[in-house]
Number of protein chains: 2
Amino acid sequence: MVHYQARLDTTFAALSDVTRRGVLEQLGGSDASITDLAQRFHMTLTGMKKHVSILEQAGLVTTEKVGRVRTCKLGLRRLEEEATWIEQHRQLWSARFDALDELVEHLKRKEKADAQRKRR
Amino acid sequence: MVHYQARLDTTFAALSDVTRRGVLEQLGGSDASITDLAQRFHMTLTGMKKHVSILEQAGLVTTEKVGRVRTCKLGLRRLEEEATWIEQHRQLWSARFDALDELVEHLKRKEKADAQRKRR
DNA sequence: TTTACAGTGAACCATATGGTTCACTATCAA
DNA sequence: TTGATAGTGAACCATATGGTTCACTGTAAA
């Protein structure tokens, strides 16, 4: 899987822009043309076209042009890989913090034992 | 929550670089100095320092300098917000595709009924 | 057959990004 | 005290990004 990392690169990059996340939310509600999106996000057609292309490149959006108008819909990719990546790392995080918790617990017990010993 | 979107921006941007994701994985295994990381990723100290700063900015890494060496660890943020965002959108995706499925089912039933009617 | 509309592509612009080198500081070790 | 080591910051570079304008094509409508 050489492409896996490149895929994560482009997808996370696509998601790192507030306008593009907004477009995804919009398309979650209903399909829209480039003009619709450009108006909603106060941008030129050309500007919005670029965003849509980036989302399309990342597989998050698909488009189809019929007549003059290009209709944009949510794409087939459902962020499985990204969700998986994040979940794995949440577990890594948790594991490390659990280890930290255990260390703290261990130190607490040790301290308690020391205190006991001193009292005897 | 004005900061929410800006937060997603910086976090997704931080995650959109393969080196930085690598650093997070490394730190998931064990803490490391800037020098350690720079060597592992074949980069100058200055270059790695920049990556670490970006991860730190995003709250994904924390660092502490003792003596000459700055030790980097996983930060306190565990990507909750990002996981939530992705999960919500996976649901959006699913909802839309389920609707599509239903439409297809509906059309199938209709077609069947038409066929029956014709046969009569 | 005009005229208006939706999109496209090239060119441009300012700023951001990912990297470097170089000069510097601070610390550790001999 | 003198090196060597770890990191830092400024300056620089090439390329990417997010946006624009302008000129253009193709389609729809009057």
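Residue numbering restarts at 1 for every chain, and letters A, B, ... go by the order of the sequence lines. Computed over heavy atoms, backbone and side chain alike; hydrogens, waters and symmetry mates excluded.
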Is B:E64 salt-bridged to B:R70, cutoff N-O under 4.0 Å?
->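 Looking at B:R70 together with B:E64, the answer is no, because their closest N to O distance does not fall below 4.0 Å.
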Pairs under 3.5 angstrom, nitrogen or oxygen only, protein versus nucleotides 19-25 of chain C, please.
| residue | atom | partner | partner atom | Å |
| --- | --- | --- | --- | --- |
| C:dG19 | OP2 | B:H51 | NE2 | 2.2 |
| C:dG19 | N7 | B:K50 | NZ | 3.1 |
| C:dG19 | O6 | B:K50 | NZ | 2.2 |
| C:dT20 | OP2 | B:T44 | N | 3.3 |
| C:dT20 | OP2 | B:T44 | OG1 | 2.7 |
| C:dT21 | O4 | B:T46 | OG1 | 3.4 |

Measure from [atom1] on [X] to [atom2] on [N] and round the result to the nearest Å.
{"X": "B:R21", "N": "C:dG18", "atom1": "CZ", "atom2": "P", "answer": "11 Å"}
{"X": "A:K49", "N": "D:dG18", "atom1": "NZ", "atom2": "P", "answer": "16 Å"}
{"X": "A:K65", "N": "D:dT25", "atom1": "NZ", "atom2": "C1'", "answer": "8 Å"}

Under 3.5 Å donor-acceptor, [X] side chain and [Y] backbone:
{"X": "A:D36", "Y": "A:S33", "answer": "yes"}
{"X": "A:R20", "Y": "A:H51", "answer": "no"}
{"X": "B:T11", "Y": "B:L8", "answer": "no"}

Give, ordered by number, those residues of residues 53-62 of chain B having at least one heavy-atom distance below 4.0 Å to an atom of DNA chain D; if nothing qualifies, reply none.
->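 Those residues whose heavy atoms fall under 4.0 Å from DNA chain D, taken from residues 53-62 of chain B, amount to none.
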Starting from the C-alpha separation in whole Å, work towards a yes-or-no answer on side chain to side chain contact (heavy atoms under 4.5 Å, CB included) for B:I34 and B:C72.
-> CA-CA 7 Å; B:I34 304 281; B:C72 311; 4.0 Å; yes
Compare every heavy atom of A:V18 with every heavy atom of B:D9, then report the nearest pair and how far apart it is.
->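 Distance-wise, the nearest heavy atoms are OD1-N, 3.5 Å.
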Listing time: all N or O pairs from protein to nucleotides 27-30 of chain D that are below 3.5 Å?
| residue | atom | partner | partner atom | Å |
| --- | --- | --- | --- | --- |
| D:dT27 | O2 | A:R68 | NH1 | 3.3 |

B:I86: what forms a side-chain contact (heavy atoms from CB on, under 4.5 Å) with it, not counting sequence neighbours?
->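 In terms of side-chain contact (heavy atoms from CB on, under 4.5 Å), with neighbours along the sequence ignored, B:I86 is linked to A:L79, A:E82, A:A83, A:I86, B:F12, B:R90.
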With sequence neighbours left out, which residue pairs that include part of residues 40-55 of chain A fulfil the salt bridge (charged side-chain N to carboxylate O under 4.0 Å, His left out) condition?
->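 Output for this query is empty, none listed.
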Applying side chain to side chain donor-acceptor pair (under 3.5 Å), name anything that partners B:S16, two or more places apart in sequence or on another chain.
->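 Not a single residue meets the side chain to side chain donor-acceptor pair (under 3.5 Å) criterion with B:S16.
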Are side-chain N/O atoms of A:Q57 and A:T10 paired as donor and acceptor at under 3.5 Å?
->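 No pair is found: no donor N or O on one side chain lies under 3.5 Å from an acceptor on the other.
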